[in-house]
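This structure is a prediction, so every number in the text was calculated from the model and none was measured.
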Amino acid sequence: MPGLVAERGTPPGPRLAGELAAARLDQLDEFGLLELMREGRRLTAWAESVELAAMAELDRRRQAQADRNGMGSRAAAEALVDEVSAALTLSGTAAAHRIGLAIALERLLPDTGPALAEGVIDSGKAKVLADGIIGLSTDVARGVERIVLPEAPLLTSRQLAARVRLAVVEADPAAFERRRESAVRDRRVELHDNPHGTRDLAGRDLPADAADAAFNYVNALAGGIKADGDDRALDAIRADVLLRLLRGTRPEELARAEEPVAAPVASGDPACGTEQVREAAEITEVVRQQITELLEQVRAAGRADPSRLLVAEAAHRMKDAISALKGRWCVDATGRAGARVHGHDGYRPPAAMRRMVINRDGTCRFPTCRARAARCDHDHTLAHHRGGPTCPCNLGLLCRRHHRLKQGADWTLIQLWPGVLLWISPTGHCYTVGPDPG
């Protein structure tokens, strides 16, 4: 890597980890504390390089398996995203981005991966480089890397992104324009929950000129309201202007009007079983403990990789052990106005049963998916045509993607108790999913 030299003596890895663990913070001066931060950052970069290399290797194996089995490359890629998502508790989108970074470092950026492993750059800068060369030929991508990588240790991620963008425009302006047009075609509006009970509403990949003009319009309206004596912060005024415009308010009606704060509305049907949700949450924790203890026993016996069949057999025994108790729960299960919800004869759940399952599950029941109930199927965990009952003890919300995943041969899904599901991955890793906390 011409121009890249690690500045510290101990290479990142187990030895450096030991040195950092032995450091006494109370015995370091301010210079030493800053040096400790830098060494910790180098060690983190090395650890992330290990994670990304493992992802790239697993991708190679999954693609080879797909080729042997006649499975499409795209389907194999989606399955890998779900596997990594569950293992690392990442959203599907975050897992896909992480795998994309791993593949880019493996195939397109031969010097960036080693720079990350040596702690010369961090994973944020590696991602900037990987994102910047999307859509470029291998030769152009590596040319861009040669230009910008030597500068990367001295730049912030935002500065590096600007440098990468300039290098791409200079190296292949046609490719840069194609990528911009592709991004604009994928423009979208997204809505995201925040931990403090608010939401983010964002337009993504909008045409630059149009986005600038829209922001300037909102800013001008907000500035006028502020100049008229509104004592709110300008950011708050802008946010309220945007919301009210999107909800149909005319510009001339905006002055000094604040977006009202709505009281939170409880979701779900309270008649559909708060007590049942509480029971399911408690059983989820018991199942997690039991599975954890099983895996610890297996590893203590010298096996590092418990098989999927072993975990599935243990789960089925657990399910059998509580079958009588679950049977009594099902017989007693009622929904709104005391309507019976267990043991419906048909395939499609009746309305009361659907409400119960929606109230219990809330979102898709794949471990890392947050798809809302409206986007989910009421899936029979044990297929209806194989004798699975149409009952809350055998129904769960699955988005269409994870419904397809469950129907494949590589994953196993077991509903141990109404609302308590155990997913077993192709590698034998298992994930227990209980009622959605909110």
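Taking the charged nitrogens against the carboxylate oxygens, Arg250 and Glu253 do have a contact shorter than 4.0 Å, which makes a salt bridge. The residues Asp193 and Arg199 are annotated as salt-bridged, a charged nitrogen and a carboxylate oxygen being separated by less than 4.0 angstrom. Here Arg62 does not pair with Asp67 in a salt bridge; the nearest charged N to carboxylate O distance is not below 4.0 Å. Using a cut-off of 4.0 Å between Lys/Arg side-chain N and Asp/Glu carboxylate O, Asp240 and Arg232 are scored as salt-bridged. A salt bridge is absent between Asp122 and Lys125; no separation between the charged side-chain nitrogens and carboxylate oxygens falls under 4.0 Å. Classification of Asp82 and Arg401 as a salt-bridged pair holds, one side-chain N sitting under 4.0 Å from a carboxylate O. Look at Arg179 and Asp172 and you find no salt bridge, because none of the NZ, NE, NH1 or NH2 atoms lies under 4.0 Å from a carboxylate O.
Applying the ring-ring contact (aromatic ring centres under 6.0 Å, His included) test to residues at least two apart or on different chains, the pairs with a partner in residues 368-401 are Tyr347-His380, Tyr347-His384, His380-His384.
For the pair Pro367/Val433, a side-chain contact is recorded, criterion being any heavy-atom separation below 4.5 Å from C-beta on. Looking only at side-chain heavy atoms (C-beta outward), Asp212 and Phe215 stay at 4.5 Å or farther from each other. Side-chain contact between Cys393 and Trp417: absent, with no pair of heavy atoms (C-beta onward) separated by less than 4.5 Å. With a 4.5 Å cut-off on side-chain heavy atoms, Leu416 and Ile414 count as touching. In this structure, Pro11 and Glu118 have side chains that are not in contact, with every pair of non-hydrogen atoms separated by 4.5 Å or more. Side-chain contact between Leu201 and Leu246: present, with at least one pair of heavy atoms (C-beta onward) separated by less than 4.5 Å. Taking the side chain as every heavy atom from C-beta outward, Leu88 and Glu51 approach each other to under 4.5 Å. Val84 has its side chain within reach of Ile99: a pair of non-hydrogen atoms, C-beta onward, lies under 4.5 Å apart.
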Show the numbers, then the answer: is there a side chain to side chain donor-acceptor pair (under 3.5 Å) between Asn219 and Arg238? CA-CA 6 Å; Asn219 193 50; Arg238 276 195 290 253; 2.5 Å; yes
Test log, rule salt bridge (charged side-chain N to carboxylate O under 4.0 Å, His left out), inputs Glu177 and Arg180: CA-CA 5 Å; Glu177 182 60 22; Arg180 187 195 67 79; 2.7 Å; yes
Could you walk me through whether Asp200 and His192 pass the side chain to side chain donor-acceptor pair (under 3.5 Å) test, one step at a time? CA-CA 5 Å; Asp200 290 335; His192 301 288; over 6 Å; no
Given side chain to side chain donor-acceptor pair (under 3.5 Å), test Thr432 with Thr284 step by step and report yes or no. CA-CA 7 Å; Thr432 307; Thr284 300; over 6 Å; no
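Under the side-chain hydrogen bond (donor to acceptor under 3.5 Å, both in side chains) criterion, Arg165 pairs with no residue at all, not counting sequence neighbours. Under the side chain to side chain contact (heavy atoms under 4.5 Å, CB included) criterion, Ala96 pairs with Val81, not counting sequence neighbours. With sequence neighbours left out, Asp410 forms a side chain to side chain contact (heavy atoms under 4.5 Å, CB included) with Arg308, Pro426. Applying the side chain to side chain contact (heavy atoms under 4.5 Å, CB included) criterion to Leu245, with sequence neighbours excluded, gives Tyr217, Val218, Leu221, Val241, Pro251, Leu254. Scanning for side chain to side chain contact (heavy atoms under 4.5 Å, CB included) contacts around Ser73 gives Gln63, with sequence neighbours left out.
Using a 30° and 60° split on the angle between ring planes, Phe366 and His402 fall in the parallel class, below 30°.
Using modelled atom types, one side-chain atom of Thr292 and one backbone atom of Arg288 make a donor-acceptor pair closer than 3.5 Å. Between the side chain of Thr390 and the main chain of Asp345, no donor-acceptor pair closer than 3.5 Å is present. With hydrogens and angles disregarded, no donor-acceptor distance shorter than 3.5 Å links the side chain of Asp377 to the backbone of Arg400. Using a distance-only test at 3.5 Å, with no hydrogens or angles considered, a donor-acceptor pair links the side chain of Arg365 to the main chain of Thr363. With hydrogens and angles ignored, the 3.5 Å screen pairs no side-chain donor or acceptor of Arg375 with any backbone N or O of Arg372. A donor-acceptor contact shorter than 3.5 Å links the side chain of Glu145 to the backbone of Asp111. A donor-acceptor contact shorter than 3.5 Å is absent between the side chain of Arg386 and the backbone of Leu382. Proximity of a side-chain donor or acceptor of Asn359 to a complementary backbone N or O of Arg355 within less than 3.5 Å is not detected.
Ala280 and Pro435 make their closest contact through CB-CG, 3.5 Å (heavy atoms, listed as atom of the first residue, atom of the second, distance). Minimum heavy-atom separation, Gln415 to Gly419: OE1-N, 2.9 Å.
With rounding to the nearest 0.5 angstrom, the CG atom of Asn394 is 5.0 Å from the OG1 atom of Thr381. Separation of atoms CG (Leu129) and CG (Leu108) is listed at 11.5 Å; rounding is to 0.5 Å. Expressed to the nearest 0.5 Å, how far CG of Leu405 lies from CH2 of Trp411 amounts to 6.0 Å. Interatomic distance, CD1 of Ile121 versus CG of Leu160, reported as 8.0 Å (0.5 Å rounding). Considering CZ of Arg204 and CD of Glu190, their distance stands at 5.0 Å, rounded to 0.5 Å.
For Asp209, the CG atom counts as loosely surrounded, since its 6.0 Å shell holds 12 or fewer non-hydrogen atoms of other residues, nucleotides or ligands. Summarising the local packing, CZ of Arg15 is surrounded by 12 or fewer heavy atoms from other residues, nucleotides or ligands at distances under 6.0 Å. Within 6.0 Å of NE2 on His97 lie no more than 12 heavy atoms contributed by other residues, nucleotides or ligands.
Judged by distance alone, the side chains of Arg68 and Gln65 never bring a donor and an acceptor atom under 3.5 Å apart. Side-chain contact annotation: Ser91 with Thr93, donor-acceptor N/O pair under 3.5 Å absent.
When each of Arg41, Lys127, Arg42, Arg98 is paired with Glu48, the salt bridge (Lys or Arg N to Asp or Glu O under 4.0 Å) condition holds for Arg98 and for no other.
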